[in-house]
Amino acid sequence: MLDIKLIREQGERLHNQLNRRGPGTAQDLDRLIEIDAERREALNKSQTLKNKKKTLSAEVGKLKKQGENADALMAEVKQINAEIDEWDGKADALDEELRTTLLNIPNIPSDTTPDGADESQNEEIRKWGEKPSLDFEPKNHLELGEALGILDMKRAVKISGARFAVFRGQGAALLRALIQFMLDTQTRENGYEELYPPVLVNEDSLKGTGQLPKFEEDLFKLRDDELFLIPTAEVPVTNYHRDEILPEESLPVKYAAYTLCFRREAGSYGKDTQGIIRQHQFDKVELVKFVKPETSYDELENLVTHAESILQKLGLHYRVVNLCAGDLGFSAAKTYDLEVWLPSQNTYREISSCSNFTDYQARRAMIRTKSKDGGKPELVHTLNGSGLAAGRLFVAVLENYQQADGSIQIPAPLQPYLNGKERISK
RNA sequence: GGAGAGGUGGCCGAGCGGUUGAAGGCGCACGCUUGGAAAGCGUGUGUAGGCUAAUCCCCUACCGAGGGUUCGAAUCCCUCCCUCUCCGCCA
């Protein structure tokens with residue numbers, strides 16, 4: 001969430017910046033400033049009275065000890081208590097309103113986030129590699145996978161419903177190989193520590209990273225327990241340090257975590273209904289960093305290269321896109337998407353999203369740092385990026401490495417993970 | 001799931017209705033001492049909010065969380081969460 005002090009002092013500037021996300025985004029800002037002023041007034045009144053109450057109560061204690069009558073003072077405190085309740089009630093209500101309003105305002109886009117209303121106005125930063133030259137009509141991953149017997153969508157529908165898949169035989173092995181390859185790369189070459197967190201999390205965690213309260217409809221929630229299935233490992237991993245103060249010398253803290261991810265995909269009916277591009281359940285290796293504020297934009301560039309390294313090793317053509325303000329996620333200040341080439345769709349598809357959340361998540365989750373030589377604790381900046389989405393990587397490998405006969409050539413770096421196997425065929 | 005014990009500052013640990021934001025110890029920081037170090041001595045050492053030019057003062061809140069009783073609660077009562085021990089169940 002945003003800093004109320006910043007809003008108090010620079011409301012006008014924030015107003016313009018927020019509205020880059022879309023008209024009306026900043027509409028609550030003025031009301032917020034009002035609430036804040038009223039809240040502080042009520043707080044002041046209550047605190048002054050509490051101070052008086054404390055003094056008088058101590059006085060009562062003294063009198064009683066001396067065996068004297070303190071009825072008058074006690075009556076006075078009772079009176080003060082009534083007034084305190086009144087001001088506290090006001091302050092609490094205003095505080096609550098302030099908090100909910102604040103929780104529903106997104107992060108401020110970075111100055112380096114381009115203007116634009118939707119994805120058509122995202123800015124292409126660079127391309128890597130080349131499209132595969134296929135001298136035959138490319139099939140899509142679904143045709144390939146089903147023909148090879150490595151993807152079973154039909155039975156997935158039977159056991160779970162739409163937007164689920166069963167990976168079978170060589171397919172299951174390939175998926176597992178991709179996950180392990182990604183984890184190994186990030187932990188051995190890029191300095192991330194591996195974390196294997198729970199996929200069921202509580203409400204506080206989802207508030208910390210910004211999925212709640214605004215996006216509850218995107219999540220799977222348990223019926224009998226106050227727990228949600230995570231939509232991304234970002235949630236448990238970022239909240240790993242919730243309410244903590246990290247020593248400055250430990251930064252940057254870097255984690256790589258493989259988890260299942262679960263998304264209801266509400267409101268995306270009709271989109272990507274074919275194949276495994278958009279699933280209710282998918283696998284992802286997520287990279288999360290906690291960094292010193294002044295380094296966060298450099299750390300973002302760095303994070304993107306870590307995600308890119310997977311695609312490069314696998315020889316997959318992709319491009320890097322800087323999301324425009326209108327396409328930016330709720331908690332992010334700046335996001336680079338990695339889009340991998342899919343021959344069957346003749347287009348680039350998102351396979352990773354790398355974001356700098358500045359202090360927005362850190363303020364919600366109270367993740368701070370403190371330097372050795374004293375001073376106040378300061379909010380860290382948090383970042384995360386997919387490194388990468390395994391299901392979509394599976395799609396990319398199938399489609400880009402397909403052969404005329406429908407078999408799949410396995411990229412060399414993956415072969416050790418598949419018992420040296422070079423090809424998936426019937 | 002059942003029975004019992006317990007959750008106090010970075011850590012250990014006292015307090016069980018008033019002067020306790022919290023004794024004492026450890027740790028840490030700075031200073032004195034020293035050729036240097038240890039020991040010793042001294043000082044300091046939580047977080048949030050308010051006030052403020054201020055990370056100085058001052059005020060308010062916080063002893064797992066939330067309610068309640070009381071003039072006054074870390075201390076009493078209720079609910080919940082978590083940890084530990086035993087039993088049950090279980091991959």
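Convention: sequence-line order gives letters A, B, ...; per-chain numbering from 1.
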Whole-angstrom distance between [N] and [M], as gauged at atom [atom1]:
| N | M | atom1 | value |
| --- | --- | --- | --- |
| B:C76 | B:G18 | P | 12 Å |
| B:U55 | B:A48 | C1' | 14 Å |
| B:A74 | B:A23 | P | 15 Å |
| B:A38 | B:C28 | P | 11 Å |

Any [X] side-chain nitrogen or oxygen under 4.0 Å from OP1 or OP2 of [N]:
| X | N | value |
| --- | --- | --- |
| A:Arg8 | B:G50 | yes |
| A:Arg368 | B:A48 | yes |
| A:Arg40 | B:C51 | yes |
| A:Lys62 | B:G72 | no |

Per-residue pairing states of RNA chain B in dot-bracket (Watson-Crick or G-U under 3.5 Å; . unpaired, | other strand) read ((((((((.[[[..)..(.....]]]((((((.......))))))(((((.......))))).[[[[[..)....]]]]])))))))....
Sorted by chain and number, sequence neighbours left out, side-chain contact (heavy atoms from CB on, under 4.5 Å) with A:Asp30 holds for none
For nucleotides 74-84 of chain B, list the nitrogen or oxygen atoms of the protein found under 3.5 Å from its nitrogen or oxygen atoms, one pair per line.
none

Each nucleotide of nucleotides 55-70 of chain B classed B (base within 4.0 Å of a protein heavy atom), S (only sugar-phosphate) or -, in 5' to 3' order, makes ----BSS---------
Comparing nearest nucleotides in RNA chain B, the 5'-proximal residue of the pair A:Val77, A:Ala58 is A:Ala58
What about A:His280 and A:Phe220, are their ring centers closer than 6.0 Å?
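Judged by ring-centre distance (under 6.0 Å), A:His280 and A:Phe220 do meet the cut-off.
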- Message: Once you apply a heavy-atom cut-off of 4.0 Å, does A:Asp71 come out as touching a base, just sugar-phosphate, or nothing?
- Response: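 Result for A:Asp71 = nothing.
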All N/O donor-acceptor pairs, side-chain side in residues 59-79 of chain A, below 3.5 Å, sequence neighbours left out:
from    : atom 1 : to      : atom 2 : distance (Å)
A:Asn69 : OD1    : A:Asp71 : N      : 2.8
A:Asn69 : ND2    : A:Asp71 : OD2    : 3.4

Taking only the side-chain heavy atoms of A:Lys370 (C-beta and beyond), determine which of B:G46, B:A48, B:U19 contains the nearest atom.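 The answer is B:G46, which lies nearest to the side chain.
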Sequence neighbours left out, cut at 3.5 Å: what donor-acceptor pairs do the side chains of residues 416-426 of chain A make with other protein atoms?
from     : atom 1 : to       : atom 2 : distance (Å)
A:Tyr417 : OH     : A:Asp184 : OD2    : 2.7
A:Arg423 : NH1    : A:Ser407 : OG     : 2.9
A:Lys426 : NZ     : A:Ala147 : O      : 3.1

